[in-house]
2 protein chains.
Amino acid sequence: MTNLFHDSADMQLIPTLAQTKRQIERYGLDVDAQAVLVAARLMTAGAKLGNAADIHFARFGLSTGRYRLLADLEDNEGEELPSQLAENLGVTRATVTGLIDILERDGLVSRRSSSIDGRQKSVLLTELGAKKLRDMASEHFARLETMVGSLTIEERTLFLDLLGRVTRGISALTDE
Amino acid sequence: MTNLFHDSADMQLIPTLAQTKRQIERYGLDVDAQAVLVAARLMTAGAKLGNAADIHFARFGLSTGRYRLLADLEDNEGEELPSQLAENLGVTRATVTGLIDILERDGLVSRRSSSIDGRQKSVLLTELGAKKLRDMASEHFARLETMVGSLTIEERTLFLDLLGRVTRGISALTDE
DNA sequence: ACTATATAGTTAGGTACCATACTATATCTA
DNA sequence: TAGATATAGTATGGTACCTAACTATATAGT
């Protein structure tokens, strides 16, 4: 069964403002319901977007993580160390190992041991990998632009500012 | 190893504007780099928030999905059908089954077969489950509010509007 | 009433990512 | 230069969620 609900226009309504207000009032807390909604809906939106992105990238035989790795490689002259990739992508080295395993199996990247430092194994973008990026670029970016199409140029800048500030606040969840 | 990078203030900078511009120019595409950034950073932010939320909920022996299920149950007089829960949470029934399995094992919910429709098995919030929600409410909401604290009241409303519009556009990734 | 179809929930198997722990190599310290 | 420590990459095992297929029950068509 496919979860068609994800694609519906009502997705943004999870959770609802009324629901959030009831929850806050139930315990008599002094909290701004809009603030809670921002947190909750950003979580929902992020999850749904992550999901949709994986469906999108699956068209090209990739996942979100594998695409991002290829793109970062392309942005660094086609060669990087796994540890650099991990830092650039904001994931762990262990995750990068897994991504490379599949990309190498599919012939999109290759590994090469360093002659300078025996611990290092740099990752190279193959011609096939570069071709994959070239072939998908047009459709990929067109879809992203369509997705954000309902925002004006000014609203996009504004959204990035607000998103950045909320993002910096995420540590409030994990602190202490 | 813990991926401390996730907690850093630079998290929002993945990917960078310069990176995105290079990528678009490489293929000579006519796309707004800000639009691409909105998509890419929302994905990053959502993933990181989801991660942080799981760390947050783990303090209380819950995951994000299990908390949302309990909260939805509480908002529906403590009793719901798995299919209703799936719709309310925006996940599949299969996922709900898995969430209930663990919540039932931990004594926070229980299952009860319907006498009206033999296929249905409603889910009930137990007293222990209700207590869990009561006990965590204060800290939970306080953290959420702190997270969004850098946005003014007006900005929160604005952000929700913009986020909602981008969210509705997500189908552009999966269409056709 | 009997067959076909739809629905509720579960099971099975897959992907993505994480944290932890391990191996091999390099570097610092004394 | 020997031993301690740090670093690079990988293996292992776990969570969350998904899709697809399955079982049991209910409903509709003839």
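Every chain is numbered from 1 and lettered A, B, ... according to where its sequence line falls, protein lines coming before strand lines.
- A close approach under 4.0 Å does occur between a side-chain nitrogen or oxygen of A/Thr92 and OP1 or OP2 of C/dC18.
- Rounded to an integer number of Å, the gap from CG of A/Asp101 to C1' of C/dA16 is 13 Å.
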inquiry  = Checking B/Thr167 against B/Ile170 for the side chain to side chain contact (heavy atoms under 4.5 Å, CB included) test, could you report, in this order, the C-alpha distance in whole Å, the side-chain angles of both residues, the deciding distance, and whether it holds?
reply    = CA-CA 5 Å; B/Thr167 302; B/Ile170 288 179; 4.3 Å; yes

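- Proximity note for A/Val91 (side chain, C-beta onward) versus C/dC17, C/dT10, D/dA16: the nearest is C/dC17.
- Within the structure, every side-chain polar atom (N or O) of B/Thr97 is placed at least 4.0 Å from both OP1 and OP2 of C/dG9.
- Atom pair B/Leu89:CG and D/dA16:C1' shows a separation of 13 Å (rounding to whole Å applied).
- Of the two residues contacting DNA chain C, namely A/Gly118 and A/Arg66, the nearest-nucleotide position lying further toward the 5' end is that of A/Arg66.
- Residue A/Arg93 contributes atom CZ, which lies 15 Å from atom C1' of D/dT12 at whole-angstrom precision.
- If you take CG of A/Asp117 and P of D/dG9, they are 8 Å apart, rounded to a whole angstrom.
- For A/Arg119 against D/dG9, no side-chain N or O and base N or O form a donor-acceptor pair under 3.5 Å.
- If you check every strand for non-hydrogen atoms under 4.0 Å, B/Thr95 touches a base.
- Here the P atom of nucleotide C/dC17 and the CG atom of A/Leu85 are 13 Å apart, to the nearest Å.
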Show me the donor-acceptor pairs within less than 3.5 Å that the side chains of residues 24-31 of chain B make with the rest of the protein, sequence neighbours left out.
unit_1  : atom_1 : unit_2  : atom_2 : d
B/Arg26 : NH1    : A/Glu74 : OE1    : 2.8
B/Tyr27 : OH     : A/Glu74 : OE2    : 2.3

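- Within 4.0 Å (heavy atoms only), A/Ala47 reaches no atom of the nucleic acid at all.
- To the nearest angstrom, C1' of C/dC17 lies 14 Å from CG of A/Asn51.
- Between the P atom of C/dT10 and the CZ atom of B/Arg111 lies a distance of 4 Å, rounded to the nearest Å.
- Taking atom CD1 of residue B/Ile116 and atom P of nucleotide C/dG9, one finds them 13 Å apart after rounding to whole Å.
- In a base pair of the Watson-Crick type (N1 to N3 plus N6-O4 or O6-N4) or a G-U wobble (N1-O2 and O6-N3), with each distance short of 3.5 Å, D/dT30 is matched with C/dA1.
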query = Going through the distances and angles, do B/Arg68 and B/Asp75 end up as a salt bridge (Lys or Arg N to Asp or Glu O under 4.0 Å)?
reply = CA-CA 10 Å; B/Arg68 293 185 61 217; B/Asp75 196 47; over 6 Å; no

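- Within the nucleic acid shown, B/Ser83 comes within 4.0 Å of sugar-phosphate atoms alone, with no base atom in reach, counting heavy atoms only.
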inquiry  = For a side chain to side chain contact (heavy atoms under 4.5 Å, CB included) check, start with the C-alpha distance between A/Gln23 and A/Val36, then their side-chain angles and the critical distance, and finish with the verdict.
reply    = CA-CA 10 Å; A/Gln23 212 181 349; A/Val36 174; 5.7 Å; no

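- Ring centers of A/Tyr67 and A/Phe60: at least 6.0 Å apart, outside the cut-off.
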